[in-house]
Amino acid sequence: MNVKLGKLALLSLVATGFLAGCTGEPEYLDQNWTEENQLRDKFYTTSQGSQLIPYEWFFALENAKSHKLISSHEEISLLGYLPDYAPDPLTNPDGLPVGFVKDEDPKTGDWLGVNCAACHTAQFVYNNRVVRIDGAPSMGDFIKLYRTVRNSLHATLADRNKFKRFARRLGLNASQSSKVRTEMRAIVKELNGTIERGVSKDHEPGYGRVDAFSGIRNEVFQHDLGIKENFRPSIAPVSYPFLWGTPDLQAVQWTGNADNPFGRNAGQVLGVLGRLDLKNPATLFESSIRRDNVFLMEQWVRELKAPKWPAHILGRIDQAAAQRGRA
Ligand code: HEC
């Protein structure tokens, strides 16, 4: 990691509260997602059809270099994502981090995936208070998440003791273990490809950025269609935008190139390990995109309001300065 990235990483960890030791319940600002309408819980936990690894593996895999579970609060914080330190047994029974969700696939079983909330939720710490902003730009490092999972799978396959611990946690017998190893190899291969398509050497996105468009385009036009020539290097990582107000825009994305929310969001699912096979005419219209859920999430974003300046946390606004600024 170079010095610049190192500093950014540190800033991210301070901002999310990890290094500040703030592991308490976050405070929320009034953004119209309330206890009553439960939109926050729904937004954090609804699957959009992203399938990273089989669900149970998430709780049994260790970091490649240690015995720490990749699902532990510490590991998740180091990736810049937001652990749930006090999960609600009803809405988040397995204590998943914000935006990490269970996808129940009728054909292939339960998967761990991510949804909008992983990339569009943030928090900051001020005077030891943790303040969560819904719809705000994530400080997560998405490529690091992929690499961490890939490295973990790789190490679990390579290290007999690591695999033993993994198998014990899941209660796998010998024949199940061998099946799992085959599946792991396939996912490592797939993740290697996804990482290669999503990042280029001199354009590491790091914390708080990702090259969403190149990643999605390469996943769909190169990988899913199976056309090598469609590859374009991912050289344009961008910050995550905030979501409030976006349903009122005529076109979205930094380049203003998307005017169809459903198309935009469906493409986004395919970019984060949604499943699709465009090479087989028989399954052309099948995919893991949870269309109804994606539609609902779009509706929930419609209800989300921009947060007001929290004077009770950050101090009162200097009105004279504000007036000068307004001019
Ligand atoms: C892997 C991270 C990731 C996930 C998951 C994700 N987004 Fe985004 N989103 C981004 C990035 C990055 C951009 C900006 C890309 C660009 O414009 O180049 C973006 C852009 C957007 C925009 C455009 C905002 C604007 O002002 O132009 C909207 C709206 C949006 N996302 C909504 C959603 C919704 C709804 C979901 C879930 C259904 C979702 N996103 C899931 C990363 C993500």
Side-chain angles (χ1 to χ4, degrees), residues 31 33 39-40 42-52 79-82 96-101 103 111-122 134-149 191 194-195 197-199 203-220 232 234-274 287-306:
Q31 295 187 262
W33 280 1
L39 295 187
R40 175 177 304 114
K42 290 182 184 167
F43 191 72
Y44 284 10
T45 58
T46 299
S47 174
Q48 58 173 8
S50 145
Q51 302 181 338
L52 178 59
L79 296 172
Y81 293 100
L82 306 172
L96 294 171
V98 172
F100 286 60
V101 300
D103 181 69
W111 290 84
L112 176 87
V114 293
N115 77 0
C116 329
C119 298
H120 293 290
T121 311
D134 286 316
S138 161
M139 283 307 291
D141 183 337
F142 203 64
I143 297 295
K144 191 171 177 184
L145 168 68
Y146 278 168
R147 286 189 180 127
T148 300
V149 172
L191 278 175
T194 303
I195 293 164
R197 290 186 288 274
V199 61
H203 300 273
E204 274 291 329
Y207 289 89
R209 295 197 313 165
V210 73
D211 182 350
F213 268 91
S214 303
I216 293 171
R217 202 180 43 202
N218 286 334
E219 280 315 295
V220 180
R232 298 288 184 282
S234 288
I235 54 170
V238 297
S239 309
Y240 299 89
F242 55 81
L243 291 190
W244 50 82
T246 54
D248 296 326
L249 299 176
Q250 229 164 30
V252 292
Q253 311 298 161
W254 293 116
T255 54
N257 66 357
D259 60 1
N260 176 327
F262 189 78
R264 201 217 70 85
N265 289 326
Q268 173 272 125
V269 179
L270 296 178
V272 293
L273 299 176
S287 79
S288 70
I289 301 171
R290 308 286 165 237
R291 299 181 196 88
D292 294 359
N293 289 354
V294 171
F295 174 77
L296 284 171
M297 283 188 266
E298 188 72 31
Q299 303 311 304
W300 302 335
V301 169
R302 202 167 271 287
E303 302 298 319
L304 184 70
K305 300 283 179 276

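Values reported hereafter were calculated over all heavy atoms of this structure, with side chains retained and with hydrogens, waters and symmetry mates removed. Read the numbers this way: they start at 1 and go in the same order the structure lists the ligands and their atoms.
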Would you find a donor on one side and an acceptor on the other, under 3.5 Å apart, between the side chain of [X] and the backbone of [Y]?
| X | Y | result |
| --- | --- | --- |
| W300 | W33 | no |
| N218 | R197 | yes |
| N293 | S47 | yes |
| N115 | F43 | yes |

- Rounding to 0.5 Å, atoms CG (L296) and CZ (R302) come to a distance of 12.5 Å
- Task: May I ask you to decide if the ring planes of Y81 and F100 are parallel, tilted or perpendicular, using 30° and 60° as cut-offs?
- Result: perpendicular
- Task: Quick one: give me the number of protein N/O/S atoms under 2.8 Å from atom 8 (Fe) of ligand 1.
- Result: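 Total protein N/O/S atoms under 2.8 Å from atom 8 (Fe) of ligand 1: 1.
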- Task: Check whether any side-chain heavy atom of T246 sits under 4.5 Å from a side-chain heavy atom of L304, and report yes or no.
- Result: no
Suppose we measure from [atom] to each protein heavy atom; which comes out shortest, and what is that distance?
| atom | value |
| --- | --- |
| atom 33 (C) of ligand 1 | R264 NH2, 3.0 Å |
| atom 12 (C) of ligand 1 | V210 CG1, 3.4 Å |
| atom 16 (C) of ligand 1 | Q253 NE2, 3.2 Å |
| atom 26 (O) of ligand 1 | T246 CG2, 3.5 Å |

- So for V252 against ligand 1, with non-hydrogen atoms under 4.0 Å, the contacting part is both
Within ligand 1, which atoms have a heavy atom of [X] less than 4.0 Å away?
| X | value |
| --- | --- |
| N115 | 5 (C) |
| F213 | 16 (C), 17 (O), 18 (O) |
| V272 | 1 (C) |

- Item | Candidate pair E303 and K42, rule salt bridge (charged side-chain N to carboxylate O under 4.0 Å, His left out), full reasoning | CA-CA 13 Å; E303 302 298 319; K42 290 182 184 167; over 6 Å; no
- Would the number of heavy atoms belonging to other residues, nucleotides or ligands and lying under 6.0 Å from CZ of F262 be above 12? yes
- Message: If we check side-chain contact (heavy atoms from CB on, under 4.5 Å) with L273, which of these qualifies: L191, V114, D103?
- Response: L191
